[in-house]
Amino acid sequence: MKTTMPEVNEGGKKGEEGDFVQVSSRKATKRKRAADSAVEIVNGIEGMALSQHPSAKRQNRKQAADSEFETRKVPVPSHRYTPLKDNWMKIFTPIVEHLQLQVRFNLKTRQVEIRTCKDTKDISYLQKAADFVKAFILGFEVEDALALLRLDDLFLESFEVTDVKPLKGDHLSRAIGRIAGKGGRTKYTIENATKTRIVLADSKIHILGSFQNIQLARRALCNLIMGSPPSKVYGHLRNVAARVSERL
């Protein structure tokens with residue numbers, strides 16, 4: 001009497017006789033890809049290397065073709081008109097040539113409008129371009145904001161000095177001065193130690209970097225706001241940097 005093995009589809013589906021055959025799971029493949037992904041540093045900003053999955057690209061290309069064109073709008077405050085005009089070609093070129101998107105500055109609404117088109121290969125490029133423009137509008141240099149396009153796992157975080165401690169008048173000014181340091185030395189030290197970029201806009205603070213590095217930079221900034229001397233913050237950053245280097 002012949003015995004037939006139950007048919008098993010890909011992914012380990014159940015056969016006719018209720019048996020299971022172990023098949024390589026997709027989760028293991030994803031973990032392997034995550035482990036193989038390297039950490040890169042672009043212009044002093046640390047992040048994960050940009051991953052390209054052909055299957056995802058084909059799917060996203062099909063979705064972009066089937067659905068209507070999507071748009072993102074980034075408002076521009078009046079004090080950023082001149083920097084935007086001076087650096088327009090540096091912003092325009094990577095969005096149009098590399099991401100295959102359409103971009104324009106609407107003079108009536110004072111907004112930068114970014115839109116997908118039939119040549120857009122990946123729908124996620126739209127959000128990357130919007131984050132890139134938003135980072136520049138917040139005050140980051142174009143070269144620093146480009147890291148959002150070249151690296152994965154980068155974020156923007158914003159908060160105010162008064163969110164950490166309710167300060168007013170001269171107390172607020174002194175807290176901002178402790179963050180910047182003489183000639184911006186304190187801010188540069190925190191940026192280099194945490195591999196992030198920091199923008200001080202009056203009482204607002206914007207941080208660009210990976211999730212873990214943003215937490216390190218924010219902790220150091222909060223300690224300065226609360227009144228810790230810069231030397232103590234430097235020592236803590238050195239200890240943290242030594243622990244991170246040991247893990248790597």
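Any value given below was found using the heavy atoms of this structure, including those in side chains, with hydrogens, waters and symmetry copies removed.
- If you take CG on L172 and CD on E160, they are separated by 9.5 Å, rounding to the nearest 0.5 Å.
- The pair K204-D163 fails the salt-bridge criterion, with no side-chain N (NZ, NE, NH1 or NH2) lying under 4.0 Å from an Asp/Glu carboxylate O.
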### Message
Pair L216, R219 - check side chain to side chain contact (heavy atoms under 4.5 Å, CB included), show working.
### Response
CA-CA 5 Å; L216 295 176; R219 189 174 296 114; 3.7 Å; yes
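- To the nearest 0.5 Å, atom CD of residue Q100 and atom CG of residue D122 are 12.0 Å apart.
- Not one N or O on the side chain of T93 forms a donor-acceptor pair closer than 3.5 Å with the backbone of K90.
- For T116 (side chain) and F69 (main-chain N/O), no donor-acceptor pair under 3.5 Å exists by modelled atom type.
- The neighbour count for R174 CZ, taken as heavy atoms of other residues, nucleotides or ligands under 6.0 Å away, is above 12.
- For K187, the salt bridge (Lys or Arg N to Asp or Glu O under 4.0 Å) partners are E191, not counting sequence neighbours.
- Of the possible polar contacts, none joining the T196 side chain to the I214 backbone as a donor-acceptor pair under 3.5 Å is found.
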### Task
Please step through side chain to side chain contact (heavy atoms under 4.5 Å, CB included) for the pair V96 and L101, ending with a clear verdict.
CA-CA 5 Å; V96 175; L101 299 169; over 6 Å; no
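- Of all heavy-atom pairs spanning L167 and H171, the tightest one is CD1-O, 3.9 Å.
- In plain terms, the two heavy atoms of S228 and V233 that are nearest each other are CB-CG2, 4.1 Å.
- At a threshold of 4.5 Å between non-hydrogen side-chain atoms, the residues E157 and Q215 count as touching.
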### Task
Kindly indicate, with the supporting measurements, whether the criterion side chain to side chain contact (heavy atoms under 4.5 Å, CB included) is fulfilled by V133 and Q111.
CA-CA 11 Å; V133 175; Q111 293 177 336; over 6 Å; no
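- With rounding to the nearest 0.5 Å, the separation of CD1 in I198 from CZ in F140 is 8.5 Å.
- In this structure, the separation between NZ on K232 and CG on N223 is 7.5 Å, given to the nearest 0.5 Å.
- Note on V74 and L84: same hydrophobic cluster, where clusters join Ile, Leu, Val, Met, Phe, Trp and Tyr whose side-chain heavy atoms are under 4.5 Å apart, directly or indirectly.
- Side-chain atoms of N213 never come within 3.5 Å of backbone atoms of S210 as a donor-acceptor pair (strictly under, hydrogens ignored).
- Contacts of R104 classified as salt bridge (Lys or Arg N to Asp or Glu O under 4.0 Å), with partners at least two apart in sequence or in another chain: E113.
- You'll find the side chain of I225 reaches within 4.5 Å of the side chain of I205, heavy atoms only.
- Clustering ILVMFWY residues whenever any of their side-chain heavy atoms sit less than 4.5 angstrom apart, transitively, puts L200 in the very cluster that holds L224.
- In the hydrophobic cluster analysis, where Ile, Leu, Val, Met, Phe, Trp and Tyr join through side-chain heavy atoms closer than 4.5 angstrom, F136 is grouped together with W88.
- A continuous path of hydrophobic side-chain contacts links F159 to M226 [ILVMFWY only; heavy atoms under 4.5 Å].
- Of the possible polar contacts, none joining the R178 side chain to the T186 backbone as a donor-acceptor pair under 3.5 Å is found.
- The shortest heavy-atom contact between I190 and A220 is CD1-CB, 4.2 Å.
- Taken together through direct or relayed side-chain contacts under 4.5 Å among Ile, Leu, Val, Met, Phe, Trp and Tyr, L221 and F211 form part of one hydrophobic cluster.
- Y81 OH: more than 12 foreign heavy atoms inside a 6.0 Å radius.
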### Chi angles and distances behind the side chain to side chain contact (heavy atoms under 4.5 Å, CB included) call for V199, L138
CA-CA 8 Å; V199 168; L138 289 177; 5.9 Å; no
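- Cation-pi contact between R150 and F132: absent, since separation from the ring centre below 6.0 Å together with deviation from the ring axis within 45° is not met.
- How far CD1 of I207 is from OG1 of T194: 8.0 Å, rounded to the nearest 0.5 Å.
- Taking both residues in full, the closest heavy atoms of I137 and P75 are given as CG2-O, 3.8 Å, listed atom of the first, atom of the second, then distance.
- Annotation: the span from L208 atom CG to K134 atom NZ amounts to 11.5 Å, rounded to 0.5 Å.
- Residue D152 comes nearest to K128 through the heavy atom pair OD1-NZ, 3.3 Å, listed as atom of the first residue, atom of the second, then distance.
- Among all heavy-atom pairs drawn from S203 and I176, the shortest one is CA-CD1, 4.1 Å.
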